[in-house]
*Asks:* 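Got a structure for you, questions after.
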Amino acid sequence: VLAMVAAACGGKQPSGGSPSASQTGSPTPTVTTLKEGVLTVGSCLDYSPFESVPPGGQPVGFDIELTDAIAAKLGLTVQWVKANFNTIFTAVNQNKFDMVAAAVTATGKLGKQRSQTVDFSGTYYKSGQGFTVNTTKTPDITSTDQIGSGDVIGVQSGTTGEAWAKDNLQPKGAQIKIYPGAPQAFTDLEAGNITAVINDAPSSSAEVAKRPDLKVVELIDTNEWYAFAFAKGNTQLVDAVNNALKELIADGTYAQIFGKYFPGIPIPTSFPPAGS
C-alpha cells in the first residue's frame, strides 16, 4: 500500500558533510564531479525511511543505500550534505552538491515545474500522500472529506503534500500551516495544535510508528514518482547515474534494497519518465 502513497523531506538546518564510503577498491571514476572521486549529495537527512541519521551514526535509508550503490557503479564514494528541501534545487544549481537524493517527486504538476529548474534522473520509486490524524484528539476524523472550515492542516514547505492540501483542502476552508520539515508538523499534530498532516505516506508511516497517538487514516493515490535531481545541463552525470540505476535494476541490487525497506510491497517493473 505504501508504494501507492508523495514527496519531501526537510529541516531548516545548516549544511554539513558526512562521508560514506560506497565501495572499497572501486574502479576509476568515470564522471566528473565537484570533488574528484566523490559524489556530493544533498539531502534533508530527516525523512525516514528514505534518509535519516541515527544519533551518533551514519546516514541510513532507501535513498542512502540506492545512492551508495549507484556511486559504487561509478567508482565514487558518497559525501552527504544536509540541506533544506525548500531551497535544495537552487543549491544544486549553485554547485553546492552534485546531486539531490531526497524523495523528490519528479512527475505530475510539481514534477513538471521542478524540471524547469533541475534535470532529473530516471524515476525509481512510486509514492503518494498520507492523511494523518491524532486519534486521541480527533478520533472521529477518518477522511479528508471531513475537513473544512476551522481545521488546520500541517504540510512541509515546497512539497507535493503542500500542493495537494492547497488544491484540495484550502478551497473547503481549511487553513494550511507550513513547516520547514515534516517531523515538525507531526510533533505539532501530536501536541494537538493542528487537525491533521498531509505528507507522503511512507514517511508518514515511519513517523506514526514513533508516535502512538497518531495514525495514517487515509491513503491518497497521487501516482507520483521519485527521481534524483541535478544542476540544469549536467547531462554527463545524469546519463551516468541513469546507466548505473539500470544496471542495479538488471542485476537485482535494486530489488534487494527495495525489499529491505518496503517488505511485502510489489517491486516496480516499469518506471515512467520524470517530468511526465
*Asks:* Is the Phe262-Tyr254 ring centre distance short of 6.0 angstrom?
*Replies:*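 No; Tyr254 has its ring centre 6.0 Å or more from that of Phe262.
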*Asks:* Please name all residues satisfying side-chain hydrogen bond (donor to acceptor under 3.5 Å, both in side chains) with Lys112, sequence neighbours left out, ordered by chain then number.
*Replies:*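 Testing Lys112 for side-chain hydrogen bond (donor to acceptor under 3.5 Å, both in side chains), a comparison that skips the adjacent residues, returns none.
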*Asks:* Got a list of side-chain donor-acceptor pairs under 3.5 Å for residues 264-276, not counting sequence neighbours?
*Replies:*
residue, atom, partner, partner atom, Å
Ser276, OG, Pro273, O, 2.7

*Asks:* For residues 170-181, please give each side-chain donor-acceptor pair under 3.5 Å, one per line with the distance, not counting sequence neighbours.
*Replies:*
residue, atom, partner, partner atom, Å
Lys172, NZ, Thr144, O, 2.9
Lys172, NZ, Ile147, O, 3.3
Lys177, NZ, Asp188, OD2, 3.1
Tyr179, OH, Asp188, OD2, 2.5

*Asks:* Closer than 3.5 angstrom, by distance alone: can the side chain of Gln256 be matched with the main-chain N or O of Gly252 as a donor-acceptor pair?
*Replies:*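 Here the side-chain-to-backbone pair does not exist.
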*Asks:* Could I get the full list of ring pair (Phe, Tyr, Trp, His ring centres under 6.0 Å) partners for Phe186, not counting sequence neighbours?
*Replies:*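 None.
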*Asks:* So, Asn242 side chain and Ser121 main chain: donor-acceptor pair closer than 3.5 Å or not?
*Replies:*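 Not a single qualifying donor-acceptor pair exists.
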*Asks:* Does Leu45 belong to the same Ile/Leu/Val/Met/Phe/Trp/Tyr cluster as Tyr261, with side-chain heavy atoms less than 4.5 Å apart forming each link?
*Replies:*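 Same cluster.
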*Asks:* Quiz question: by atom type and distance under 3.5 Å, do the side chains of Asn86 and Ser157 form a donor-acceptor pair?
*Replies:*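 Short answer, yes.
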*Asks:* Among all residues two or more places apart in sequence or in another chain, which pass the salt bridge (Lys or Arg N to Asp or Glu O under 4.0 Å) test with Lys35?
*Replies:*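 For Lys35 there are no salt bridge (Lys or Arg N to Asp or Glu O under 4.0 Å) partners, ignoring immediate neighbours.
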*Asks:* Going by the rule side chain to side chain contact (heavy atoms under 4.5 Å, CB included), which residues pair with Ser115 if we only count those two or more places apart in sequence or in a different chain?
*Replies:*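 Phe120.
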*Asks:* Donor-acceptor pair, distance only, cut-off 3.5 Å: does the side chain of Gln146 make one with the backbone of Ser143?
*Replies:*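 The answer is yes, because a donor-acceptor pair under 3.5 Å joins these two groups.
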*Asks:* Short question: side chain of Thr33, backbone of Val38 - any donor-acceptor pair under 3.5 Å?
*Replies:*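 The answer is yes, because a donor-acceptor pair under 3.5 Å joins these two groups.
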*Asks:* So, Gln94 and Thr90: side-chain donor and acceptor under 3.5 Å apart, yes or no?
*Replies:*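 Distance-only check fails for Gln94 and Thr90.
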*Asks:* Taking only residues two or more places apart in sequence, or in another chain, which ones meet Val100 in a side chain to side chain contact (heavy atoms under 4.5 Å, CB included)?
*Replies:*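 Expected list: Ile88, Val92, Phe97, Ala102, Val104, Ala229.
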*Asks:* Do the ring planes of Tyr124 and Tyr226 sit parallel (below 30°), tilted (30 to 60°) or perpendicular (above 60°)?
*Replies:*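 Ring orientation, 0 to 90° scale: perpendicular.
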*Asks:* Filter on salt bridge (Lys or Arg N to Asp or Glu O under 4.0 Å), then keep only pairs touching residues 205-215, sequence neighbours left out; what's left?
*Replies:*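 Residue pairs passing salt bridge (Lys or Arg N to Asp or Glu O under 4.0 Å), neighbours aside: Glu190-Arg211, Glu207-Lys210, Glu207-Arg211.
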*Asks:* Please check if Ile70 and Val60 belong to a single hydrophobic cluster, counting links between Ile, Leu, Val, Met, Phe, Trp and Tyr side chain heavy atoms closer than 4.5 Å.
*Replies:*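 Shared cluster, no.
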*Asks:* Go through the structure and list residues passing side chain to side chain contact (heavy atoms under 4.5 Å, CB included) with Thr87, not counting sequence neighbours.
*Replies:*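 For Thr87, the residues satisfying side chain to side chain contact (heavy atoms under 4.5 Å, CB included) (neighbours in sequence not counted) are Asn84.
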*Asks:* Sorted by first residue and then second, give each salt bridge (Lys or Arg N to Asp or Glu O under 4.0 Å) pair with at least one member in residues 259-270; sequence neighbours left out.
*Replies:*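 Residue pairs passing salt bridge (Lys or Arg N to Asp or Glu O under 4.0 Å), neighbours aside: Glu65-Lys260.
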*Asks:* Under the side-chain hydrogen bond (donor to acceptor under 3.5 Å, both in side chains) rule, collect the residues that match up with Thr253, sequence neighbours excluded.
*Replies:*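 Checked Thr253 against side-chain hydrogen bond (donor to acceptor under 3.5 Å, both in side chains); matches are Asp251.
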*Asks:* Once salt bridge (Lys or Arg N to Asp or Glu O under 4.0 Å) is applied, what residue pairs with a partner in residues 132-152 remain, sequence neighbours excluded?
*Replies:*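 Output for this query is empty, none listed.
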*Asks:* Look up atom CG in Leu66 and atom CG in Leu245, then write down how far apart they are to the nearest 0.5 Å.
*Replies:*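 Going from the CG atom of Leu66 to the CG atom of Leu245 covers 6.0 Å.
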